[in-house]
Amino acid sequence: MLRSAEQSIFRRSNRPRPSLPSAEPVDAVTALAAQCRPGWSLPGEFYSDESIYRADLDRIWRTGWLFAGHSCEIPNPGDYFTLQLDTDSLIVIRDEEGTLRAMHNVCRHRGSLICSEPAGHLPRLVCPYHQWTYRLDGTLVACRGMPETLDKSQFGLQQVHLEEVDGLIYVSVAEGPPPFQPARDTVSAFAKPQGLGRAKVAKAVDYLVKANWKLVWENNRECYHCNVNHPQYIKANFDHYNADDTTPRIQKQIDEAMRRSEERRAAAGLAATHKRGGMTCFPDAENNIWFSSNRTALVDGFLTESMDGKLVAPLMGDYKDPNVDTLRIRTLPNFWNHSSCDHGVSTRLLPTGPQLTSLRVWWLVAKDAIEGRDYDLSKLMPFWQLTSEQDWAICERQQRGVNSSAYIPGPYSTYKEYNVDGFVRWYLKVLGS
Amino acid sequence: MLRSAEQSIFRRSNRPRPSLPSAEPVDAVTALAAQCRPGWSLPGEFYSDESIYRADLDRIWRTGWLFAGHSCEIPNPGDYFTLQLDTDSLIVIRDEEGTLRAMHNVCRHRGSLICSEPAGHLPRLVCPYHQWTYRLDGTLVACRGMPETLDKSQFGLQQVHLEEVDGLIYVSVAEGPPPFQPARDTVSAFAKPQGLGRAKVAKAVDYLVKANWKLVWENNRECYHCNVNHPQYIKANFDHYNADDTTPRIQKQIDEAMRRSEERRAAAGLAATHKRGGMTCFPDAENNIWFSSNRTALVDGFLTESMDGKLVAPLMGDYKDPNVDTLRIRTLPNFWNHSSCDHGVSTRLLPTGPQLTSLRVWWLVAKDAIEGRDYDLSKLMPFWQLTSEQDWAICERQQRGVNSSAYIPGPYSTYKEYNVDGFVRWYLKVLGS
Amino acid sequence: MLRSAEQSIFRRSNRPRPSLPSAEPVDAVTALAAQCRPGWSLPGEFYSDESIYRADLDRIWRTGWLFAGHSCEIPNPGDYFTLQLDTDSLIVIRDEEGTLRAMHNVCRHRGSLICSEPAGHLPRLVCPYHQWTYRLDGTLVACRGMPETLDKSQFGLQQVHLEEVDGLIYVSVAEGPPPFQPARDTVSAFAKPQGLGRAKVAKAVDYLVKANWKLVWENNRECYHCNVNHPQYIKANFDHYNADDTTPRIQKQIDEAMRRSEERRAAAGLAATHKRGGMTCFPDAENNIWFSSNRTALVDGFLTESMDGKLVAPLMGDYKDPNVDTLRIRTLPNFWNHSSCDHGVSTRLLPTGPQLTSLRVWWLVAKDAIEGRDYDLSKLMPFWQLTSEQDWAICERQQRGVNSSAYIPGPYSTYKEYNVDGFVRWYLKVLGS
């Protein structure tokens with residue numbers, strides 16, 4: 001049913017936009033990026049400076065693929081949701097043919113927002129100001145009051161690239177986004193058996209975190225902070241251990257768990273994964289790998305990432321047995337998902353200012369699961385709600401610290417923070433290119 | 001009783017103010033204005049950029065005549081109100097001789113605000129900090145603690161030009177504002193019979209609208225949006241129709257209403273008006289016409305702009321008969337008034353930021369009308385309260401849209417939005433001059 | 001027990017910090033300062049402009065000695081409090097040896113705040129993010145997860161200079177702050193007999209005042225405004241009178257009070273003071289005197305600065321007799337204290353934005369005084385709580401006025417505002433140097 005967004009006609013005005021001379025010292029950002037010390041945290045300006053934030057938006061957020069939401073949120077033609085990327089509002093909608101579409105939520109007449117609600121259902125996209133009316137694919141079909149000579153084909157809503165992979169919707173506001181196929185292959189191998197395309201949103205929670213988006217990612221890219229900060233998380237996971245600093249006893253435990261886990265997966269025909277417990281190596285700046293997925297072992301006694309390890313919902317997707325360990329998907333710059341046999345948890349970042357990030361966390365269960373009968377939010381949510389909110393508090397505290405004139409970059413642990421370093425290298429590479 | 005503000009001595013220090021090099025690329029604003037496409041909406045920068053907002057203030061708000069309030073709000077010597085133009089607080093006061101005066105609300109000693117309240121009554125203007133004391137005309141009369149040698153005549157409050165026309169008070173912070181007489185002639189012909197100078201404020205409501213002031217005006221300058229957005233308003237008015245897109249049946253209805261209306265007015269000796277129902281052509285950029293007034297027909301069955309068309313207060317001004325249709329006055333950059341036989345509604349804009357406009361709406365009735373006996377706010381207010389608040393919601397939604405990086409100017413309807421185009425042309429002309 | 005902060009090793013990275021080209025026209029600030037008219041108030045930019053605020057921070061707040069708090073607030077090893085200087089959080093703590101220490105509250109690893117609470121007690125400074133652990137003197141002692149090769153001696157917390165004088169703690173974030181000894185001598189002569197080092201905080205109240213920090217000081221440096229604004233204060237003090245504008249009767253009253261006061265003090269062996277009632281001359285720009293103390297007479301019938309002049313707490317410090325008049329200490333840029341025989345009141349300023357100042361007011365009593373038995377907050381606090389809050393309201397009103405484009409500097413009274421002028425001269429001198 002889905003038609004590739006690549007086939008859409010991207011109707012951008014060719015008329016150059018008049019503009020004020022930029023206040024952003026763009027070359028200075030590139031120069032600053034080049035001066036950063038490899039293996040050390042970024043200078044404070046990267047977390048608060050307005051011109052660096054603008055560069056982040058232009059060079060990263062407006063060029064790459066952004067996770068937008070789940071296809072199960074808009075199952076029927078006319079269903080839509082909106083999302084806000086800095087000053088831009090986007091509509092993600094299922095059109096009359098069932099095709100997923102994304103476009104700028106800006107009327108081509110005088111620029112009013114068309115959809116003001118976060119989500120809903122509409123037979124047509126009608127601007128509330130003067131009722132310019134667009135089909136669900138963005139084609140202008142009516143503009144009463146305008147001269148007959150107006151060429152409607154020139155005034156469709158501005159399209160945004162969209163790709164869907166097994167229930168996960170990605171959009172790109174770039175004119176020419178990078179190829180999506182490599183990400184599709186990697187993500188699909190895990191999202192498909194998990195049934196993310198046959199899911200239901202049990203709950204979504206929005207957060208406004210007073211921290212630069214990169215601090216949120218840096219926090220995500222290591223479990224060095226887990227022992228003390230995530231008492232729930234570490235009961236279920238091995239991430240806080242590393243191959244090179246665990247005791248032989250614990251390493252044996254991990255190895256055992258990994259072995260059993262692989263056996264089970266082989267039996268179930270599930271995708272292979274990396275051999276280390278917990279953190280996978282991601283991102284890969286040198287090869288421009290902005291996506292990754294893997295499955296990793298849970299601690300014995302944990303069938304799922306719940307408070308006590310017991311199931312909190314019916315099995316999802318293709319799973320016949322709860323012993324599937326835990327699946328993780330991440331795509332830069334704004335998505336990660338942790339899924340267990342019975343539920344999945346997606347997290348989306350959207351930059352809202354140099355020191356402000358909007359975050360949404362979704363809890364997904366099998367499509368047919370019924371609240372109260374098949375799952376309880378009070379059992380389903382705490383594991384990731386607590387873990388997420390613990391992380392937001394960490395990020396806000398770090399933001400306050402790196403704002404200090406006394407903050408100077410510090411060294412990353414080579415075996416605990418290799419992925420933070422990887423993230424920073426990826427970031428600087430994209431920023432400088 | 002009124003003395004022209006032109007006679008006042010404007011006591012500005014001749015000492016040049018030291019200043020930092022301006023961060024505002026002023027020439028860039030002029031250049032950008034020159035690039036705008038005629039007949040199309042303005043580029044997004046005009047609604048959000050700080051330097052354009054500064055240019056708007058300097059070239060439009062600080063040069064022209066601003067509606068401040070009604071003379072009936074300050075009937076007695078010592079009565080005053082304050083208003084805030086961006087960072088500037090102004091006092092409008094009736095002095096000891098009964099003359100209306102406007103001055104900067106800034107003590108000449110160390111700059112404290114003198115009046116902190118929005119309105120009140122004072123025998124003298126006494127700075128609350130060190131009690132420097134000014135007559136109601138701004139003359140410094142006492143400054144205990146200062147050396148005897150201080151020449152008080154050099155330290156009067158800084159005067160602001162003021163003109164009153166039949167109850168409407170205008171001020172200008174310009175050193176040399178444009179002539180007021182043409183506006184006076186135009187406005188007086190309508191404000192005088194309406195009795196705006198013999199009125200009473202029944203109620204005033206303040207709004208803080210999250211939109212650039214120009215979006216508020218553009219919204220005001222067309223009724224293209226009325227059909228769907230203003231269900232109350234369109235019952236009473238013909239504005240949403242246009243000569244060139246109405247059905248013959250409706251056009252006949254309008255023609256009939258206009259003819260009857262003109263007959264009635266001729267009989268009552270009221271000023272003539274334009275021949276089209278509803279929107280008059282305004283402003284006129286080419287002839288620099290920033291003021292206009294007209295009377296226009298109401299729909300049959302509507303004696304006044306109330307919810308059901310029935311009177312909501314005693315007749316105002318010179319009216320002996322309710323059949324006077326509806327009167328409209330507008331002056332750029334910050335005022336419009338809609339008056340019916342029994343009440344008037346004034347709206348004042350004040351810019352409060354690139355994306356913020358302070359608005360006040362006043363409901364006026366005849367001077368001697370008594371609440372509860374002659375009028376009820378619950379009958380008097382809804383028509384314009386609903387219509388105004390519907391417009392503020394539209395403006396805020398449009399602001400969010402034009403903030404998008406994807407917003408590009410769109411074409412104005414030549415017969416529905418000629419006045420929006422006129423406003424934009426007027427704006428760009430003044431901005432560029 | 002106290003070790004001079006000068007002996008500390010200030011561990012700043014020698015690696016130059018990469019930085020964006022500064023948006024601050026620093027030379028323009030110096031040039032503007034040079035243009036200010038002597039004896040007149042400052043141009044409006046000094047109270048609102050972002051680049052001047054940055055210059056104030058860099059040239060005044062980050063170079064001088066700042067009052068931080070009282071040593072009695074952190075009596076035991078591990079006791080600490082934090083304070084916020086613009087974007088910088090500082091920890092003031094008593095270390096394992098009992099030495100007072102100040103350091104930047106920024107982990108040397110990835111910059112997280114270490115202490116999030118305003119005050120508390122800690123056996124070690126442990127970063128909540130990854131548990132890097134510092135001794136109370138800032139030495140890094142543990143950083144699990146980092147390579148063994150990490151040289152911990154290079155990663156201590158960044159030290160801030162600290163000096164304590166008889167219970168008052170001063171800090172400086174400068175690399176080389178000015179000598180403290182002259183201030184110590186001046187302050188100690190008054191703080192020591194007052195027993196500020198043997199005190200207890202009865203109460204502290206925080207304020208966020210919407211005014212530039214200089215407006216707060218200018219307000220503090222004159223009592224020209226006292227008559228009308230401080231009805232409580234003027235009952236107890238002579239400040240609002242000046243040698244050159246009082247009636248002979250009042251001057252005789254003041255002289256009498258001063259004479260009696262000096263006799264009492266001579267008998268009690270207390271430090272001599274200046275001969276004028278009330279305001280002492282301070283600061284002294286020409287001699288760079290940023291500190292001063294004096295004792296001055298209270299009005300007959302007032303033993304202390306309380307609402308009725310009666311004692312509100314047990315005698316403090318060395319006092320055996322309540323007749324010690326009132327003591328005042330002030331140090332630029334951020335401290336003043338008024339103390340009576342039975343209690344002291346300290347005020348601390350911290351700049352929080354061009355138009356925002358954080359203020360804390362502490363009420364101090366003798367160390368062993370017990371609330372409810374020896375003092376009641378309802379008697380202890382009103383005199384200075386009312387007086388302080390009256391001043392904050394004045395400052396906020398003045399800020400609104402000097403923000404006006406119509407504000408122009410005005411002349412200072414040569415005998416009422418000599419100290420405001422002195423403050424401005426001191427400020428401009430430091431700013432321009």
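Computed from a prediction, not measured in an experiment: that's the story for all the values here. Lettering of chains follows the sequences in order, A, B, ..., and the numbering in each one begins at 1.
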So which of A/D86, A/L85, A/V106 has the largest heavy-atom pair count under 4.5 angstrom toward chain B?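 Among the listed options, the one with the most contacts to chain B is A/V106.
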
Tell me which of these, A/C127, A/S116, A/C143, A/S89, has more heavy-atom pairs under 4.5 Å with chain B than the rest.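 Highest number of pairs under 4.5 Å: A/S116.
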
Check whether any side-chain heavy atom of [X] lies under 4.5 Å from a side-chain heavy atom of [Y], and answer yes or no.
X: B/Y224; Y: A/H109; value: yes
X: B/T414; Y: A/M146; value: no
X: A/R110; Y: B/V420; value: yes
X: B/P411; Y: A/L150; value: yes
X: A/L113; Y: B/Q399; value: no

Is atom NZ of B/K252 surrounded by more than 12 heavy atoms (other residues, nucleotides or ligands) closer than 6.0 Å?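 No, because the 6.0 Å sphere around NZ of B/K252 holds 12 heavy atoms or fewer from other groups.
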
Is a donor on one side and an acceptor on the other found under 3.5 Å between the side chain of [X] and the backbone of [Y]?
X: A/T87; Y: B/N403; answer: yes
X: A/N105; Y: B/G401; answer: no
X: A/D88; Y: B/S405; answer: yes

Shortest non-hydrogen contact from B/S404 to A/H104?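 Taking B/S404 first and A/H104 second, the nearest heavy atoms are OG-ND1, 4.1 Å.
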
At their closest point, which heavy atom of A/P147 faces which heavy atom of B/S413, and how far apart are they?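 Taking A/P147 first and B/S413 second, the nearest heavy atoms are CD-CA, 4.4 Å.
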
State, without any angle test, whether A/Y129 and B/N229 hold a side-chain donor-acceptor pair at a distance under 3.5 Å.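 Short answer, no.
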
Heavy-atom cut-off 4.5 Å, strictly under: side chain, backbone, both or neither for B/Y412 against chain A?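 Both backbone and side chain of B/Y412 come within 4.5 Å of chain A.
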
Does the plane of the ring in B/H225 sit parallel, tilted or perpendicular to the ring in A/H130? Use 30° and 60° as the thresholds.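 Correct class here is perpendicular.
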
Interchain contact, A/R62 with chain B, by part (heavy-atom threshold 4.5 Å):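 Side chain only.
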
Measure the spacing between CG of B/N227 and CD of A/Q131 and express it to the nearest 0.5 Å.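 Answer for the CG-CD pair, B/N227 versus A/Q131, is 7.5 Å.
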
For chain A, which residues from residues 390-397 of chain B have at least one heavy atom closer than 4.5 Å to it?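 So the qualifying residues are B/I394, B/R397.
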
